[in-house]
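Shown next, in structure tokens, is the structure this report addresses.
Values reported hereafter were calculated over all heavy atoms of this structure, with side chains retained and with hydrogens, waters and symmetry mates removed.
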Amino acid sequence: MLNIVLFGPPGAGKGTQSEKLIEKYDLIHLSTGDLFRKHLGEGTELGKLARKYMDEGRLVPDEVVIGMVEDKIKETKDGNGFIFDGFPRTVAQASALDKVLEDLGLKISGMIALDVPEDILKERIRERGKTSGRVDDQDDSKIETRIKVYLDETLPVAGFYDNQSKLTKIHGVGTIDEIFNNIAKVIDQY
Ligand code: AMP
């Protein structure tokens, strides 16, 4: 199985690249942001709880995220593998994911980290905000908060996978296809 963590700050292109990767490698796209937005749309208790964090650009508490991901993995563990998009976002989430996978006899194949300068990230998120309908894409202070949360809480997750010699960085600026081809070259080595 291929289990890939697609990593990067908000606006790095994780969602766009995930869509192409799931098609090429026949993987399951596990985006915690998308799962939360689905709960929100359906008005579930989990959605209501997540909303107050999401609207502010802060992280939903680890135990909530981990429980949701664990359920999803157990429900669908028989495919070719997963692309984890927007997860893990803290070192505690990364450790918990290792444990859940280990219990199922699975492991992370590697982390691919998309590298994009901050000014381009902000520009991309504002552009997406014009059509995404996402509150957290439309307000400069929320965009700032999300980037700060990424730098403070999420960036250490790259170190977690680097310690396991599983980190590859990819330049995340260029055409969608150029970036996709560079990611595919890495995955083909797993
Ligand atoms: P995203 O679509 O990945 O940008 O996620 C949107 C929002 O959902 C984030 O700003 C967080 O509030 C929440 N979220 C998504 N994934 C996670 C996660 N792994 N841990 C905590 N919060 C998350």
Side-chain angles (χ1 to χ4, degrees), residues 1-10 12-114 134 136 146 149-168 183 186-187 190:
M1 264 176 94
L2 269 176
N3 293 307
I4 297 160
V5 177
L6 191 57
F7 185 78
K14 301 185 294 294
T16 305
Q17 294 298 333
S18 291
E19 291 304 329
K20 292 175 70 73
L21 291 164
I22 53 169
E23 213 171 291
K24 181 171 165 80
Y25 296 99
D26 193 20
L27 301 171
I28 292 161
H29 185 194
L30 202 161
S31 156
T32 41
D34 286 353
L35 287 175
F36 283 132
R37 279 184 288 276
K38 187 160 178 281
H39 277 280
L40 238 150
E42 291 169 355
T44 67
E45 285 308 310
L46 181 62
K48 283 178 207 155
L49 188 154
R51 169 170 229 145
K52 51 181 200 278
Y53 298 96
M54 294 174 77
D55 283 355
E56 296 301 319
R58 291 182 299 132
L59 294 183
V60 178
D62 282 338
E63 59 277 13
V64 177
V65 188
I66 292 164
M68 181 176 74
V69 171
E70 189 169 357
D71 289 347
K72 185 82 187 164
I73 293 175
K74 289 186 171 156
E75 189 186 298
T76 40
K77 65 175 178 351
D78 293 328
N80 280 343
F82 293 94
I83 298 240
F84 296 98
D85 162 5
F87 176 86
R89 254 178 162 99
T90 62
V91 170
Q93 291 179 18
S95 300
L97 176 63
D98 269 1
K99 174 96 181 49
V100 171
L101 292 176
E102 195 186 319
D103 288 348
L104 296 167
L106 305 173
K107 62 178 171 53
I108 291 297
S109 314
M111 167 189 266
I112 295 173
L114 294 170
R134 284 177 55 171
D136 61 345
R146 285 161 69 201
V149 166
Y150 168 79
L151 294 172
D152 293 347
E153 298 179 56
T154 303
L155 202 51
V157 177
F160 177 90
Y161 288 101
D162 198 16
N163 285 340
Q164 300 184 9
S165 307
K166 288 185 178 175
L167 170 67
T168 308
I183 295 174
V186 176
I187 295 177
Y190 288 156

Report the C-alpha separation of I4 and Y190 in whole Å, then their side-chain angles, then the decisive distance to 0.1 Å, and conclude whether the side-chain contact (heavy atoms from CB on, under 4.5 Å) test is met.
CA-CA 10 Å; I4 297 160; Y190 288 156; 4.0 Å; yes

Could you walk me through whether V64 and Y53 pass the side-chain contact (heavy atoms from CB on, under 4.5 Å) check?
CA-CA 12 Å; V64 177; Y53 298 96; over 6 Å; no

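- Side-chain N or O atoms of K72 include none that pairs as donor or acceptor with a backbone N or O of L30 at under 3.5 Å.
- The only option from L114, T154, I112 that meets the side-chain contact (heavy atoms from CB on, under 4.5 Å) definition with F7 turns out to be T154.
- The backbone N or O of R89 lies less than 3.5 Å from a partner atom in the side chain of Q93, making a donor-acceptor pair.
- In this structure, the separation between CG on L35 and CG on L40 is 12.0 Å, given to the nearest 0.5 Å.
- The environment of R134 atom CZ is dense: over 12 non-hydrogen atoms of other residues, nucleotides or ligands sit within 6.0 angstrom.
- Using a 4.0 Å cut-off between a side-chain N of Lys or Arg and a carboxylate O of Asp or Glu, D34 and K38 do not qualify as a salt bridge.
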Applying side-chain contact (heavy atoms from CB on, under 4.5 Å), run through L2 and N80 and close with a yes or a no.
CA-CA 6 Å; L2 269 176; N80 280 343; over 6 Å; no

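- The shortest non-hydrogen separation linking D85 to G15 is OD2-CA, 3.6 Å.
- Side-chain contact between F84 and T32 is absent, with no heavy atoms from C-beta onward closer than 4.5 Å.
- Side-chain contact between L106 and N3: present, with at least one pair of heavy atoms (C-beta onward) separated by less than 4.5 Å.
- Across every non-hydrogen atom of I66 and A96, the tightest pair is CD1-CB, 3.5 Å.
- Here T44 contributes atom OG1 and E42 contributes atom CD; the two are 6.5 Å apart, rounded to the nearest 0.5 Å.
- The line from CZ of F82 to OG of S18 is 13.5 Å long, rounded to the nearest 0.5 Å.
- To the nearest 0.5 angstrom, E102 atom CD is 6.5 Å from K99 atom NZ.
- Between the side chain of K14 and the backbone N or O of G8, at least one donor-acceptor pair lies under 3.5 Å.
- Using a distance-only test at 3.5 Å, with no hydrogens or angles considered, a donor-acceptor pair links the side chain of R146 to the main chain of D136.
- We find the CG-CZ distance between L167 and F160 to be 12.5 Å, quoted to the nearest 0.5 Å.
- When all heavy atoms of V65 and V60 are compared, the pair lying nearest together is CG2-O, 3.6 Å.
- In this structure, NZ in K107 is found 10.0 Å from CD in Q164, a value given to the nearest 0.5 Å.
- Between P88 and V5, the shortest heavy-atom contact is CD-CG1, 3.9 Å.
- Nearest heavy atoms, L155 versus L151: CB-O, 3.6 Å.
- Salt bridge K20/E23: absent, no basic N to carboxylate O contact under 4.0 Å.
- Here the closest heavy-atom approach between residue I28 and residue I22 is recorded as C-CG2, 4.1 Å.
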Worked verdict on R51 versus K48 for side-chain contact (heavy atoms from CB on, under 4.5 Å)
CA-CA 5 Å; R51 169 170 229 145; K48 283 178 207 155; 5.8 Å; no

